[in-house]
2 protein chains.
Amino acid sequence: MNIIISNRSDLPLFKQIENEIKTAIFNNELNEQDLLPSVRSLASDLNISFLTVKRAYDNLEKEGFIKTIQGKGSFVAPKNMELIKEEKLKEIEKHIEQIYKISKISGITETEIKEIFKIIFEEEK
Amino acid sequence: MNIIISNRSDLPLFKQIENEIKTAIFNNELNEQDLLPSVRSLASDLNISFLTVKRAYDNLEKEGFIKTIQGKGSFVAPKNMELIKEEKLKEIEKHIEQIYKISKISGITETEIKEIFKIIFEEEK
DNA sequence: CTAACTGTTATACATATAATATAACAGTTA
DNA sequence: TAACTGTTATATTATATGTATAACAGTTAG
C-alpha cells in the first residue's frame, strides 16, 4: 500500500491518511483482516509524528473501517461497506443539490456543469 | 439588505459576510455604486468586532466585488457579470471536486453519480 | 472649523485546530 | 526478555479566527 501525504494540501495530514486508507480499502488494495502499518512505522515512513497517524487510525476505527488491538496492531474491519456507501451517496446528493441551486440563480447551464464534471473526473485518470 | 450570520456555521464569520454580500449583489438586492453598511455599523448590528467586518470587506475588494474609499465607505463595484459567473463556476467546481473525492474513497462510480445528477436536475423542473 | 461620521493601522489577547516532541506505560509474541 | 505493538499525558509550536482598544487619517454636514 502506498500512502502519500502533502503539506500543501488543503486537508490536514491525519485526514489525508484517513482518505488514502479508505481508498485502499474500497479499491481492495487492503482487504478484510489485513494488518495496517504500525502507527510508528507509518509515521517514520512519512516523516511525521506517530500521534498524527494514531489520530487518523482512531478516526478510522470510530467510522468502522479498521479495528485496533493494543499490542497487536490495526486491522481492516469486516466489510460493512454497503452502509457506508449509502452515507456517501447521501453526501454526493447534497453536493449536487447545492450545484443545482447555484446553477438556478446564476444562469449556468447543465451543459457547462457537465463540462466541469468531465474535466475533473478525467483530469486525474 | 439583510445579513444574517451564525456562530454555529461551519464557515468563519468573515466568510459568511462575504457570501451574503456576494449573494445580495448577484440577486440585485445590491446594485452598482450602492453604499454598503460601514464596518462599524454592520459590526454593531451583528454584535461582532469591526475588524471581522473589515476583513470580509477587504476580501470582497480583493476579489473585485466592492470598492472602499477611506472616509467615505464601501461601494458595490461596477458589475462584472463575468466575474460573478466565474465565482459561481468556482463554487460548482469545488462541489464537483468534493464529489470526486468521495467517489474515489467509496467506490461509487461515475455512472451512479450521473444518475443522481440526472434525477435532481429533472425532478425539480 | 469642528463634530461626527467614514476607513486604517498596530498591538495585544483568547481560543481552537493541527501537528510535534518526549516520556512513560501496557499488551503481544518470538 | 527483547522488540515489537498500541496508549496516555504533558508541553510546545504554528496557524486561523475573532476580539478589544487605541490612535490615526480622510470626508462631509453643520
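Lettering of chains follows the sequences in order, A, B, ..., and the numbering in each one begins at 1.
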Trainee: Under 6.0 Å from the NZ atom of A:Lys85, do we count more than 12 heavy atoms belonging to anything else shown?
Mentor: yes

Trainee: Do A:Asp45 and A:Pro37 come close enough that some side-chain heavy atom pair is under 4.5 Å?
Mentor: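 No, side chains not in contact.
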
Trainee: Does a salt bridge link A:Glu110 with A:Lys114, judged by any charged N lying under 4.0 Å from a carboxylate O?
Mentor: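 Salt bridge present between A:Glu110 and A:Lys114.
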
Trainee: Round to the nearest Å and state the distance from B:Phe14 atom CZ to D:dA16 atom P.
Mentor: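 Rounding to the nearest Å, CZ of B:Phe14 and P of D:dA16 are 10 Å apart.
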
Trainee: Can you find a pair of side-chain heavy atoms, one from B:Phe50 and one from B:Tyr57, that are under 4.5 Å apart?
Mentor: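 A side-chain contact under 4.5 Å is absent here.
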
Trainee: Given Watson-Crick or G-U pairs with both distances under 3.5 Å, what dot-bracket string fits DNA chain C, with | for other-strand pairs and [ ] for crossing?
Mentor: ||||||||||||||||||||||||||||||

Trainee: Taking the side chain as C-beta and beyond, is there a heavy-atom pair between A:Ile102 and B:His95 under 4.5 Å?
Mentor: yes

Trainee: Any heavy-atom pair between the side chains of B:Asn31 and B:Val76 that's under 4.5 Å?
Mentor: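 B:Val76 does not reach B:Asn31 side chain to side chain.
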
Trainee: If you look at every strand shown and take non-hydrogen atoms under 4.0 Å, does A:Leu13 touch a base, only sugar-phosphate, or nothing?
Mentor: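 It contacts sugar-phosphate atoms only.
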
Trainee: Take A:Arg55 and B:Ile69, find for each the nucleotide of DNA chain C with the closest heavy atom, and name the residue whose nucleotide sits nearer the 5' end.
Mentor: B:Ile69

Trainee: Rounded to whole angstroms, how far apart are CG on A:Asp58 and P on D:dA9?
Mentor: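 The answer, rounded to whole Å, is 13 Å.
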
Trainee: Go through the steps for B:Phe121 and A:Ile96 under the test side chain to side chain contact (heavy atoms under 4.5 Å, CB included), then give the verdict.
Mentor: CA-CA 9 Å; B:Phe121 272 69; A:Ile96 295 179; 4.2 Å; yes

Trainee: Is B:Lys15 salt-bridged to B:Glu18, going by a charged N under 4.0 Å from an acidic O?
Mentor: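 Salt bridge flag = yes for B:Glu18 with B:Lys15.
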
Trainee: When the distance from NZ of B:Lys54 to C1' of D:dA20 is rounded to whole Å, what number comes out?
Mentor: 17 Å

Trainee: Can you give me the first and the last nucleotide of DNA chain C (5' to 3') that has an atom within less than 4.0 angstrom of a non-hydrogen atom in chain B?
Mentor: C:dT6 to C:dA10

Trainee: What nucleic acid atoms does A:Phe50 come within less than 4.0 Å of, heavy atoms only: base, sugar-phosphate, or nothing?
Mentor: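 Base contact - A:Phe50 has a heavy atom under 4.0 Å of at least one base atom.
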
Trainee: Using atom NZ of A:Lys72 as one end and atom C1' of D:dA3 as the other, report the distance to the nearest whole Å.
Mentor: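 To the nearest whole Å, that distance equals 17 Å.
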
Trainee: For B:Asp58, which of B:Lys54, B:Lys62, B:Arg55 qualifies under salt bridge (charged side-chain N to carboxylate O under 4.0 Å, His left out)?
Mentor: B:Lys54

Trainee: Give the rounded distance in Å between these two atoms: CG of A:Leu51 and P of D:dA11.
Mentor: 15 Å

Trainee: Given that A:Pro12 and A:Arg40 both sit by DNA chain C, which one's nearest nucleotide is further toward the 5' end?
Mentor: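 Nearer the 5' end of the strand: A:Pro12.
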
Trainee: Find the distance B:Leu11:CG to D:dA16:P and express it as a whole number of Å.
Mentor: 16 Å

